[in-house]
Amino acid sequence: MSIDTLARVAQNQRSVDARPLMTARDVHVWYGPKHALKGVSLDITRENVTAFIGPSGCGKSTFLRCFNRMNDTVAGARVEGRIELDGQDIHAPEMDVVQLRARVGMVFQKPNPFPKSIYENVAYGPRIHGLAASQGELDHIVEHSLQRAGLWDEVKDRLQDSGTALSGGQQQRLCIARAIAVDPEVVLMDEPCSALDPIATAKVEELIEELRGRYAIVIVTHNMQQAARVSQKTAFFHLGEMVEYGDTSQIFTNPREARTRDYITGRYG
Amino acid sequence: MDATFLLLLACGLALFGYVLGRQRAAAFTARAPSWRAVHSRPGFHGSFVALAVAIPALLLLGIWAAVGRPGPSAVGAAIVLLAGLAGGALALRRLEPSFRARTWVERATMLVLLAASVLAIVTTVGIVLSLIVESIRFFERVPVTEFLFGTRWSPQTAIRADQVGSSGAFGAVPLFWGTIFIGAIIAMAVAVPLGLLSAIYLSQYASGIARRILKPVLEVLAGVPTVVYGYFAALTVAPAVRQLGLSLGIEDASAESALAAGLVMGIMIIPFVSSMADDAINAVPQAMRDGSLAMGATSSETVRLVIIPAALPGIVGGILLAVSRAIGETMIVVMAAGLAANLTLNPFKSVTTVTAQIVQLLTGDQEFDSAKTLSAFALGLVLFLITLVLNIWALRIVKRYREAYE
């Protein structure tokens, strides 16, 4: 890793809100007979961007999808363990999955804008959750979300164009705008840049840095430089276990575990 | 000599040629210094000889049959067999390690496949041509405008000039209306909602077990012979519909009605609409569905706001295909819709359709030079053109939609 990146890692350690917003304790996931995640515990805060790294099939995306219960939509998936959002058990019967997902937004690996206009894509969440009382309010939410996602200037003159007509990078920022339009507390990002070119990737990474502090951000990435650039906390997963968790600077410069060291130095993965 | 026997004999010869060619090739393959020195495997050499026997023999046999000499003719049979033997002998002489039997066999295979598809197309073109020719003969007797825009259909022409009702009327509008009323309006009013909703249930809500049981059951509906639907329409649904009509105070509710035929046809089309809609819904990427669910949308919101709009072109295409099937459907309307060419909006009255009339016009002993029988071809041509346009239109929509998600 270059000195440059290290400097950024250090600089990223600024303080916002250190209380854990979400906590996971001893979380297991099975897909049918396959034990995909084996007893992982972790805290997520608004202060820090948390990165999940590890080779393919290590359980990092599976773990990410536990936080908004997206594994519920997978046939044959079973989740055990306790996950709390602001002290509430998200698997408790009184926890409504619709509200949970309004509070815990998600951005996917491949940009997946709906085949609707740019405006309607961003307005989707506010509409279904009834967040805007008037058209003017909805307009305001859409504009505000697009601005926060750094897309407003590029699309303000063509809000009625189809969201699928945008470039890949713009589509992904549209998906981020869509996710933050309902003002969630947590934003989960599942390899958000893996389908993007380097310039679009840089834009999304800048955006993540800007959103930090306002939302608790968890990002799954295959790209270790990206983890080092955007995150303050890193968790390394291997074969369904969380091998190591700590400050990003420590994980990348002085990992405690041999497996972590082997992975970040490119020995496997 | 019997043609069937000759055919079997030619096939036997080809088989013999295969064995012989294969043996010869196996022999020189075994003697070759390396397997690389022999271009083709022995099986290809055998197939080459077999083809060299079969193709000339079968071609000549085909020509012989087409020329129309079904009777026994020793000369013809001898020529067929000699052609096969000569082909086989020439092929056997060509076999050697460097001979490219594999290339030849592959080429011949391609030609056989091509011939099969060309045959299917040629037959269809022939059918269409015969439709067109007979229709032209019809339009020589009855003006096109009267046929397409006339509102009175009474195709009974008198045999003798002095009979009553000697002039037939060939205004086909009541038939077209009846066809559309039953096939495109009443049947679709049944099939589209039920088919679409069941597709949504099966693809989005049903558990694995429910889907595994319900989907095949639904598809069984598509396997019921249409004549059985016909009984059902005529014997069960039509009287019930008439009772309903009478109880609603409709005096002239008839025993055969547009509603009865349309309802049953709608039921028949449900699996078709449902499977087309299911395909369209499943073509919507999972990512789209996940995206909506992750926003906190419920399943029904996801279906209504994301999946249906995204799948709409595919669904519309499926409905158009279903319409084209419904208007070409015959058995149900023959048995349950009636033959009275009424131009009516009343679903309890009897109407008739293009297909029902064609059946009526062509069953029994007919002379094929009267306007009455020829009108059947004109009706068939119109029906063909309508379904053709519907199919092309539908397939185009479906195709463009598929491209959007690939």
Checking [X] side chain against [Y] main chain: does a donor-acceptor pair fall under 3.5 Å?
X      : Y      : result
B:T236 : B:A233 : no
A:N48  : A:T50  : no
A:R178 : A:N121 : no

Practice prompt. Using heavy atoms and a sub-4.5 Å threshold, report which of residues 58-72 of chain A line up against chain B, by residue number.
Written response: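 So far as heavy atoms go, A:R65, A:N68, A:M70 are the residues that approach chain B to under 4.5 Å.
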
Practice prompt. Residue by residue, scan residues 123-141 of chain A and write down, ordered by number, those that have a heavy-atom distance under 4.5 Å to chain B; if none do, write 'none'.
Written response: A:Y124, A:G125, A:I128, A:H129

Worksheet entry | Derivation of the salt bridge (Lys or Arg N to Asp or Glu O under 4.0 Å) call for A:R173 and A:E154 | CA-CA 11 Å; A:R173 280 181 284 145; A:E154 292 161 62; 2.9 Å; yes

Discussion item. I'd like to know if A:E80 and A:R78 make a salt bridge, using a cut-off of under 4.0 Å between side-chain N and carboxylate O.
Written reply: yes

Worksheet entry | Choice from B:R289, B:E301, B:M295 maximising heavy atom contacts with chain A below 4.5 Å | B:M295

Worksheet item: Quick one: what part of A:P113 sits under 4.5 Å from any heavy atom of chain B, side chain, backbone, both or neither?
Response: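 Interface part for A:P113: backbone (N, CA, C, O).
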
Fill in: Contact class of A:V104 relative to chain B, heavy atoms under 4.5 angstrom
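Only the backbone of A:V104 comes within 4.5 Å of chain B.
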
Worksheet, complete the sentence: Rounded to the nearest 0.5 Å, the CG atom of A:L151 sits from the CD atom of A:Q170 at a distance of 6.0 Å

Worksheet item: Going through the checks in order, is the side chain to side chain contact (heavy atoms under 4.5 Å, CB included) test met by A:I90 and A:E84?
Response: CA-CA 6 Å; A:I90 69 166; A:E84 289 179 357; 6.0 Å; no

Worksheet item: Tell me, side chain or backbone of B:S299 under 4.5 Å from chain A's heavy atoms, or both, or neither?
Response: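 Nothing of B:S299, per the 4.5 Å heavy-atom cut-off to chain A.
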
Worksheet item: Does NZ or CZ of A:R148 fall inside the cone over A:Y215's six-membered ring, less than 6.0 Å from its centre and within 45° of the axis?
Response: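 No; the conditions do not both hold, so A:R148 does not lie above the ring face of A:Y215.
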
